[in-house]
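Worth knowing before you read on, the calculation uses all heavy atoms, side chains too, and leaves out hydrogens, waters and symmetry mates.
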Amino acid sequence: MKIAFSIVIILGLLALGGCVTNTTVDRVAYDHPTASQQQLFTDRADCAAQAKGIRQTEYGSETGVNDDIWDNCIAGKGYSRNDATGRLEVPKDLRVTTY
């Protein structure tokens with residue numbers, strides 16, 4: 001009886017595990033007709049400063065980067081996100097998390 005119960009629990013956990021979505025992006029990259037890698041870093045820092053804000057959560061407030069402002073700023077500077085083949089890659093330690 002204990003073994004059957006354990007098997008049911010394990011199968012249930014495996015089924016739930018299949019529902020979890022992995023949102024980790026292995027590569028973040030952009031395309032731009034003329035920008036250099038250094039220009040991308042400069043423009044990203046500018047956009048992050050413009051989009052930085054505080055949002056309220058059910059647990060209080062947190063500081064982050066507003067994704068709507070971020071997207072409009074980076075697109076306004078001529079960048080298009082292209083994680084698959086973009087030539088301007090962003091290192092993992094310089095990625096911006098938006099909300």
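- Between the SG atom of C73 and the CG atom of D43 there is a distance of 7.5 Å, given to the nearest 0.5 Å.
- Taking CZ of R55 as the start and OH of Y99 as the end, the distance is 7.0 Å to the nearest 0.5 Å.
- Closest of all the heavy-atom pairs between P33 and G78 is CD-O, 4.0 Å.
- Sorted by first then second residue, the side chain to side chain donor-acceptor pair (under 3.5 Å) pairs that include residues 65-75, not counting sequence neighbours, number zero.
- Ion pair D83/R81 flagged as a salt bridge, since at least one NZ, NE, NH1 or NH2 atom sits closer than 4.0 Å to an Asp/Glu carboxylate oxygen.
- Cluster annotation: I69 and V96 are assigned to distinct hydrophobic clusters (Ile/Leu/Val/Met/Phe/Trp/Tyr, side-chain heavy-atom contacts under 4.5 Å, transitive).
- We find the CD1-OG1 distance between I54 and T63 to be 4.5 Å, quoted to the nearest 0.5 Å.
- In this structure, OG1 on T34 lies 4.5 Å from NE2 on H32, to the nearest 0.5 angstrom.
- Here the CZ-OH distance, from R44 to Y30, works out to 5.0 Å after rounding to the nearest 0.5 Å.
- Formation of a donor-acceptor pair under 3.5 Å by the T42 side chain with backbone atoms of Q38 is found in this model.
- Here R87 contributes atom CZ and D31 contributes atom CG; the two are 7.5 Å apart, rounded to the nearest 0.5 Å.
- In terms of modelled atom types and a separation under 3.5 Å, the side chain of E89 and the main chain of R27 share no donor-acceptor contact.
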